[in-house]
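Since we're looking at a predicted model, the values are computed, not measured. Counting from 1, the numbers follow the sequence of the chain as shown.
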Amino acid sequence: MTVNLQAVASAPQMSFSAHYKKILPYVKPYYWRALFAVALSIPIGALDAVIAWALKPYMDIVLVDKSAQSPAIIPLVIVLFTVFQGGLTYLSTYMNSWVGMKITQDVKRALYQKLLVLESAFFDKNDSGLIIQRFSTDADTACTGLLDNVRLFTSRIFSSISLIAVLIYNSWQLAIIAIVVLGGALLPLAYVRRMIKTVVQEQVKENGIVLTKYNETYSGNKTIASYNLQKKMYDQYDGILRRLFRLGIKMVQKTAWLTPMMHIIVSIGVGAVIGFGSYLIVNGTITSGNFVSFITALIMLYNPIKNIGKSYNAVQLSFMAIERISEILELEPQIKDKEKVEKFPKIKQGISFEDVCFEYDENIPVLNHINLDIKAGTTVALVGNSGGGKSTIVNLLPRFYDIKSGAIKIDGINIKDLSIESLRNNIAVVFQDNFLFGGTIRDNILLGKPDATEKEINKAIKMACLDEFVAEQEKGLDTDIGERGSLLSGGQRQRLSIARAFIKNAPIVILDEATSALDNKSEAVVQKAIENLMKDRTVFVIAHRLSTVQNADKIVVINEGKIVESGAHEELLQKENGAYKALYNAQFK
């Protein structure tokens, strides 16, 4: 079953060890650097205790005993330790950023590699924005965010431990009060994840919709302008932002109370310590230096404890992103090779569809018991009403989708027994709206055969009737065509796609409405290029314009997922009340 990404982070919550295991393969190549970056956080945090510890002798010697024997060295020690701590902080930040970016890129590579092998149905069911969110943005949140926060978390933990050590050193009685209060301050952290999970799910979904809206605006800018849709598009975008605002406020409502709650609890602890500490000073249990050092350590402890709450929220967001990434990486393509596959045969007999049934959505049939034989080296044209299943039939041959039942065979070999790579290497497809990649004419032609010679390229552009256009360009084959071929006309884009298919030199050619979007002049040129492409190949042609398929060896009429009749052009015209004759008369009479 194809995955719908709307079900964001639907998996049950993982333990810390499970998160660690998921991310470990990507940390391994940089393990020692990552460990070093985190290890640096230990002395960085621990050195926070130096200032608090140094205040005891300073208070006792200088302010209480009025002695000036060694006061100068204490400020100097504090400055030296602070400089040392600053150097370690810079080194830790640098190492952490280096490791974080490396791991993020590796995770993105793995996600992109997964994206490339997922079946067409996956892209049919998921919006582009949500795919970008899940396959790219989540990697930044999971890796860079996690390492940054682990570093800060580690630093603050060890800062807290060292400061607690100072507390105990100065007064174990006061330390018990402080530790009990601080434990109470950290207790609410256990409930954070449970409170924010649903909100995070919705935020991921809405952020995906924002990206989709940008993609639609970019690709549909002319449609937006021609139909004056600016206000409609703006209102939709504004609605998304308002939903994101409400979710953002909900997140604040669920987490913002943590810091003030900790502040209140810690303040109670400080008040209790001051009250009890005053009593201990009066009865001589601790000195004034002990008390000042203790209070300083306690106040310094407050800051990392407060920030632990913020870091903990961020770590939870990273953990949730890891869970979403894990869902993606564990996806298995629905269309894949068997354990043992054959290579594509040299077609001698032909292609057969044997009782083929297919559905995009469960229990909604699209093709019903299709039986069709195509001899090698012949041309079959698929015609019929829109939505009848013509494009679906040809999409099944290169296994863009897999059939529900029946079999598709090439020279008697089921296509599921062939390797997908060899199957698709031997099929060239020219769509109605062909996708051209940013780059040059040469770049796009070579997609059909990366190692093609200059002679092969020139033959391809000539057979595609593109040679005159290329000759007119100052840079020739190295002319930039813009994103998706935006600098070319419709006819030029189509001929470039034909050149790409021609240079592939595949024995099977699929032409899916290859001329339907062109004007008469462009169609005539493209039709000539198509005729060149069809020579000595097994060809599937889908066309609404029956004038382009009259010379096909076999014409198959498909309506509502069934073959209603087939035969040659003249043969089908002889059938009284025939489906093909009705289509022909509708177009020409």
Side-chain angles (χ1 to χ4, degrees), residues 16-17 19-55 73-110 137-167 169 186 189 259 293 296-319 321-322 325:
F16 178 82
S17 60
H19 289 108
Y20 178 75
K21 288 176 182 176
K22 294 292 183 184
I23 204 72
L24 183 60
Y26 302 98
V27 177
K28 266 188 175 179
Y30 319 105
Y31 187 78
W32 293 109
R33 288 186 177 91
L35 198 61
F36 179 57
V38 174
L40 285 172
S41 303
I42 297 174
I44 290 171
L47 286 171
D48 282 344
V50 171
I51 295 175
W53 172 81
L55 283 174
I73 196 169
I74 294 175
L76 183 60
V77 167
I78 292 173
V79 171
L80 290 174
F81 270 98
T82 304
V83 170
F84 181 59
Q85 187 184 40
L88 290 177
T89 302
Y90 170 79
L91 184 58
S92 175
T93 302
Y94 174 84
M95 288 300 300
N96 194 79
S97 299
W98 190 93
V99 172
M101 285 189 282
K102 281 287 187 181
I103 294 173
T104 301
Q105 288 184 347
D106 287 349
V107 171
K108 284 186 175 182
R109 288 185 183 101
T137 309
D138 274 349
D140 292 314
T141 305
C143 302
T144 305
L146 180 62
L147 286 172
D148 279 342
N149 287 298
V150 164
R151 176 177 64 86
L152 290 172
F153 206 68
T154 303
S155 174
R156 285 160 186 164
I157 286 290
F158 278 91
S159 173
S160 301
I161 291 172
S162 63
L163 288 167
I164 288 171
V166 173
L167 297 182
Y169 167 75
L186 293 174
L189 295 179
T259 299
S293 177
T296 304
L298 188 61
I299 297 300
M300 292 179 71
L301 183 61
Y302 163 72
N303 189 52
I305 290 297
K306 178 184 69 175
N307 288 324
I308 280 174
K310 293 179 181 178
S311 298
Y312 187 80
N313 286 343
V315 168
Q316 288 302 315
L317 294 177
S318 296
F319 280 168
I322 289 174
I325 287 172

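Of all heavy-atom pairs spanning Ala321 and Asp138, the tightest one is CB-O, 3.7 Å. Smallest separation of non-hydrogen atoms from Ser92 and Ala37: OG-O, 3.3 Å.
Residues that satisfy the side-chain hydrogen bond (donor to acceptor under 3.5 Å, both in side chains) test with Tyr26, not counting sequence neighbours, are absent from this structure. When the side-chain hydrogen bond (donor to acceptor under 3.5 Å, both in side chains) test is applied to Arg109, the partners found at least two apart in sequence or on another chain are Asp106.
Taken to the nearest 0.5 Å, the NZ atom of Lys108 stands 13.5 Å off from the CD1 atom of Ile103. To the nearest 0.5 angstrom, Thr89 atom OG1 is 12.0 Å from Asn96 atom CG.
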Could you walk me through whether Phe36 and Val99 satisfy the side-chain contact (heavy atoms from CB on, under 4.5 Å) test, starting with their C-alpha distance in whole Å, then the side-chain angles of each, then the deciding distance to 0.1 Å, before giving a yes or no?
CA-CA 10 Å; Phe36 179 57; Val99 172; over 6 Å; no
